[in-house]
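The sequence lines fix the lettering, A, B, ..., with proteins before strands; numbering per chain opens at 1. Reckoned from all heavy atoms, side chains included, excluding hydrogens, waters and symmetry mates.
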Amino acid sequence: MLIKLQNLEGILPVKLYLPFDLINHNNYTSMGKDIPSRSEDYSLWYNELVKKADLAEHSDVRGCMVIKPYGYSIWEKMQQALDKMFKDTGHMNAYFPLFVPKSLFEAEEKNAEGFAKECAIVTHYRLKSDPQHPGKLMVDPDAQLEEELVVRPTSEAIIWSTYKKWVQSYRDLPILVNQWANVVRWEMRTRLFLRTAEFLWQEGHTAHATADEAVRETVQMLDVYADFAESFMAVPVIKGRKSEGEKFPGAIDTYCIEAMMQDGKALQAGTSHFLGQNFAKAFDVQFTNKEGKLDYVWGTSWGVSTRLVGALIMAHSDDDGLVLPPKLAPIHVVIVPIFKHADELAKISEKAQEIAAALKKLGFTVKFDDRDTHKPGFKFAEWELKGVPLRLAIGPRDMENGTVEVARRDTKEKQVVKMDEIVSKVPVLLDDIQDSIYKKALEFRTRLTTRVDTYDDFKRVLDEKTGFILAHWDGTPETEAAIKEETKATIRCIPLDAPAEAGKCIYSGKPSDRRVLFARAY
RNA sequence: CGGGGUGUAGCGCAGCCCGGUUAGCGCACCACGUUAGGGACGUGGGGGUCGGAUGUUCGAAUCAUCUCACCCCGACCA
């Protein structure tokens, strides 16, 4: 396997190739090892990993992705955990239409304008056979819709137009609804999981009688997301508020969680919006309050998407493949038997099944890989590639000594454990893995977070060290835009926990009262 | 949507510039045998409308035009 380096722009119309083993691997012909080293080319590494670990692939449909079973099962794990957290905070699931009539879509002007450039639109509802090309179909010109239907890029419009019918009085509030759905955004450039034309997500849409309650909901859901990211994904996040320039079109305030990937770039992992009365006004959702007066409803919306799967991959994986946090791993433990003959396998099997059954009873997902078509070494590598947190190997030697070899994915440490102790050992190890990959990611982020006070330092850190930068900003969109233009770094958020601190804007020198978080982002 | 590039077997690619037997190679796949505690080896075998359409030509993977898709760099974004 060779890795493809960048074209020498404008010099030669050729590609340069470098044998992979010159970089850091010996056995470059076998499966798995042909993942490029992260340091070489992060995005190439990411793409290869997604494919090799059997998570997803590009679809033949423009900009879309096929999520393969193993990749989807990670998303399912996320769904289950999130869904429980939503229910625990009083929400219920519902489902709204995929199509949004254009007139509804354009009702909230800022929202419509913000998404206008990336909408798929249904204009016809019928095909017919093409007289010019036998056997082919054409769009029936007689079947043009009177009003075009926008395929939802987000569901505020269709949902708020429905809420209008649901709300009369403060007694009808709050509405606390979540929807698991697909949405379409006709992005110019797509990347597996991180940005695809169609993606899966969850979007919560709530309606409240007071601004205060809506703000509390917005912040509560941000906390839910942060909690999920940190305790399930083992990815530390920074909670913050978006600047004017970066906030959701149609929102008063956008809150977000920002995570750092292993190349030092930021990834927005979730957003929670305080919509004020913008959508209520656009869709005329009024209610009679306790004082008997008519008022507009206050709204929030919040969402996370399959992008989280991308975040998970980029936050923890190494050159041997995925590293999955136990709480989201589709398979917790894989048992690999080592055997020469069928009768040997039979003996090991018996023991392995016993251990597997005991672990399953504790709620773990266990895979017993008794394929006789692959050698143990192959299986080790394959399950590591897929990020299974723990691997147990049982061979003749273990059968003789009454032991099991257990290997953890994150550190690749192996230890030999007594067979009757392994079942109690597994939960301890899984907890430790969950914990230590979080700590590792947190240490990495801390190391790559820099406070800077001058624009020169800002640019130097951005180019040489990368990562997050905490710096003073004068609060103006002009400065934000200028910095983005010159450095490609954006204000990821104004951290919620940023302490008040007098300083000068690194760009304009004007006074600032707190540091904000800058980074280059996905 | 602008600039650059690529589409040839499941994957990765060579062949194209300079048109000419039956389109190759590595991995993967299948069969048999030997192997098995970190990605096994040998022998044999199967698999292709060369992204699609149109054109030029006696003849097109190769040349031309159009088109679709993907990748990289911008702009846009969860």
Side-chain angles (χ1 to χ4, degrees), chain A residues 1-15 17 20 25-34 41 43-44 47-48 51-52 57-64 114-118 133 136 153-154 183 185-191 193-197 199-203 225 246 248-249 254 256-258 267-273 302-311 320-321 336-341 344-345 348 371-385 391 393-399 403 405 407 412 414 416 484-485 488 490 521-522:
Chain A
M1 168 79 185
L2 302 168
I3 72 159
K4 198 183 291 179
L5 296 180
Q6 292 301 310
N7 288 2
L8 289 174
E9 208 175 315
I11 298 175
L12 287 170
V14 297
K15 288 176 203 139
Y17 292 95
F20 186 60
H25 290 299
N26 305 321
N27 190 347
Y28 59 88
T29 53
S30 304
M31 171 186 184
K33 280 290 185 188
D34 48 1
D41 183 330
S43 74
L44 185 64
N47 275 331
E48 286 294 313
K51 281 179 221 156
K52 294 286 175 199
E57 62 194 23
H58 283 289
S59 156
D60 294 335
V61 181
R62 189 220 167 266
C64 292
F115 286 104
K117 284 176 287 181
E118 48 189 358
H133 303 94
K136 304 274 184 189
T154 179
V183 288
R185 296 184 187 174
W186 213 260
E187 300 290 351
M188 295 306 159
R189 240 176 102 193
T190 60
R191 302 191 62 188
F193 288 113
L194 299 181
R195 191 180 304 110
T196 47
F199 59 93
L200 304 179
W201 77 348
Q202 108 347 264
E203 44 181 331
Y225 287 156
E246 296 275 332
F248 180 74
T254 288
C256 62
I257 51 173
E258 293 285 330
L267 183 80
Q268 180 174 305
T271 48
S272 184
H273 315 291
W302 28 274
V304 296
S305 71
T306 36
R307 165 178 267 204
L308 289 182
V309 178
D320 294 316
V336 178
I338 294 153
F339 58 95
K340 285 184 188 158
H341 313 291
E344 212 164 50
L345 173 62
I348 295 169
R371 289 175 293 176
D372 58 4
T373 50
H374 296 278
K375 291 176 54 171
F378 180 91
K379 295 178 185 175
F380 292 174
E382 191 181 56
W383 294 114
E384 275 162 14
L385 181 60
R391 179 188 71 232
I394 309 175
R397 209 157 66 207
D398 297 298
M399 293 302 282
T403 57
E405 181 194 81
K412 304 201 82 184
K414 291 184 217 176
V416 175
K484 183 178 178 181
E485 174 72 23
K488 301 202 177 24
T490 49
Y522 277 97

N/O contacts under 3.5 Å, protein versus nucleotides 68-70 of chain B?
unit_1 : atom_1 : unit_2 : atom_2 : d
B:C70  : OP1    : A:G63  : N      : 2.5

Rounded distance in Å between the C1' positions of B:U35 and B:G46: 25 Å

Contact class for A:T196 (heavy atom, under 4.0 Å): base, sugar-phosphate, or nothing? base

Using atom CG of A:L385 as one end and atom P of B:C11 as the other, report the distance to the nearest whole Å. 17 Å

Please give the nucleotide sitting opposite B:G33 as a Watson-Crick or G-U wobble pair, both distances under 3.5 Å, or none. B:C41

Looking across every strand, which nucleic acid part, if any, lies under 4.0 Å from A:Q268 by heavy atom: base, sugar-phosphate, or nothing? sugar-phosphate

Look up atom CG in A:D372 and atom NE2 in A:H341, then write down how far apart they are to the nearest 0.5 Å. 13.0 Å

For A:K488, report the nucleic acid contact type (base, sugar-phosphate, nothing); a contact means any heavy atom under 4.0 Å. sugar-phosphate

Parallel, tilted or perpendicular, judged at 30° and 60°: which one describes the rings of A:W201 and A:F199? perpendicular

Atom pair distance, as rounded to whole Å: CG in A:D372 and P in B:C32: 12 Å

What is the base-pairing partner of B:C77, counting Watson-Crick and G-U wobble geometry with both distances under 3.5 Å? none

Given that both distances must come in under 3.5 Å, which nucleotide forms a Watson-Crick or G-U wobble pair with B:U22? none

Starting from P on B:C76, measure out to OH on A:Y522 and report it in whole angstrom. 18 Å

Where the side chain of A:K375 is concerned, which of B:A78, B:A40, B:C72 is the nearest nucleotide? B:A40

Between B:C41 (P) and A:H374 (NE2): distance, integer Å: 14 Å

Applying side-chain contact (heavy atoms from CB on, under 4.5 Å) to A:A521 and not counting sequence neighbours gives A:A266, A:T490, A:R492

Could you check whether A:K340 gets within reach of a base, just the sugar-phosphate, or nothing at all, counting any heavy atom under 4.0 Å? base

Sequence neighbours excluded, the answer for side-chain contact (heavy atoms from CB on, under 4.5 Å) partners of A:K340 is A:E344

How far, in whole Å, is B:C27 from B:G42 if one measures between their P atoms? 9 Å

B:C17 versus B:A60 - spacing of their P atoms, nearest Å: 14 Å

Expressed in angstrom and rounded to an integer, what is the separation of A:E118 atom CD from B:C1 atom P? 14 Å

Strictly below 4.0 Å, N to O, side chains only: are A:R397 and A:E405 in salt-bridge contact? no

For A:K414 and A:K51, take the nucleotide of RNA chain B holding the closest heavy atom to each; which residue's nucleotide lies nearer the 5' end? A:K51

Which of these nucleotides, B:A36, B:G38, B:C72, is closest to any side-chain atom of A:F380? B:G38

side-chain contact (heavy atoms from CB on, under 4.5 Å) partners for A:Q202, two or more places apart: A:F86, A:N178, A:W180, A:Y225, A:W302, A:V304

B:G37 P sits how many Å from A:H341 NE2, rounded? 13 Å

For A:G395, answer base if it contacts any base atom (sugar-phosphate contacts may also be present), sugar-phosphate if it contacts only those atoms, and nothing otherwise; contact means non-hydrogen atoms under 4.0 Å. base

Among the nucleotides B:G37, B:C72, B:C77, which one has an atom lying closest to any side-chain atom of A:N47? B:C72

Contact class for A:R391 (heavy atom, under 4.0 Å): base, sugar-phosphate, or nothing? base

Atom P, compared across B:G39 and B:G26: separation rounded to whole Å: 23 Å

Counterpart base for B:U62, defined by Watson-Crick or G-U wobble contacts under 3.5 Å: none

Does A:S305 reach a base, just sugar-phosphate, or nothing at all? Heavy atoms under 4.0 Å. base

Under 4.0 Å, heavy atoms only, any strand: does A:L194 hit a base, just the sugar-phosphate, or nothing? base

If you measure from the P atom in B:G44 to the same atom in B:U62, how many Å do you get, rounded? 34 Å

Looking at the side chain of A:R195, which of B:A78, B:C77, B:G39 is the nearest nucleotide? B:C77

Using atom P in both nucleotides, what's the gap between B:U6 and B:G51 to the nearest angstrom? 13 Å

Which atom pair, heavy atoms only, marks the closest approach of A:R191 to A:T196? O-CG2, 3.6 Å

Considering only B:G38, B:G37, B:A78, which nucleotide approaches the side chain of A:E384 most closely? B:G38

Measure from CD1 on A:I348 to P on B:A36 and round the result to the nearest Å. 13 Å

Could you state the atom-to-atom distance from CD of A:E382 to P of B:A36 in whole Å? 21 Å

For A:W186, enumerate each residue passing the side chain to side chain donor-acceptor pair (under 3.5 Å) test, keeping only those at least two apart in sequence or located in another chain. none

Measuring from atom NZ of A:K379 to atom CD1 of A:I338, what distance do you get when rounded to the nearest 0.5 angstrom? 9.0 Å

C1' atoms of B:C72 and B:C66, separation to the nearest Å: 24 Å

Sequence neighbours excluded, the answer for side-chain contact (heavy atoms from CB on, under 4.5 Å) partners of A:R195 is A:E187, A:R307

Give me the distance, rounded to whole Å, that separates B:C11 from B:U65 when you measure between the C1' atoms they each carry. 32 Å

Going by 5.5 Å between centroids and 30° between planes, is there a stack of A:F199 over B:A78? yes

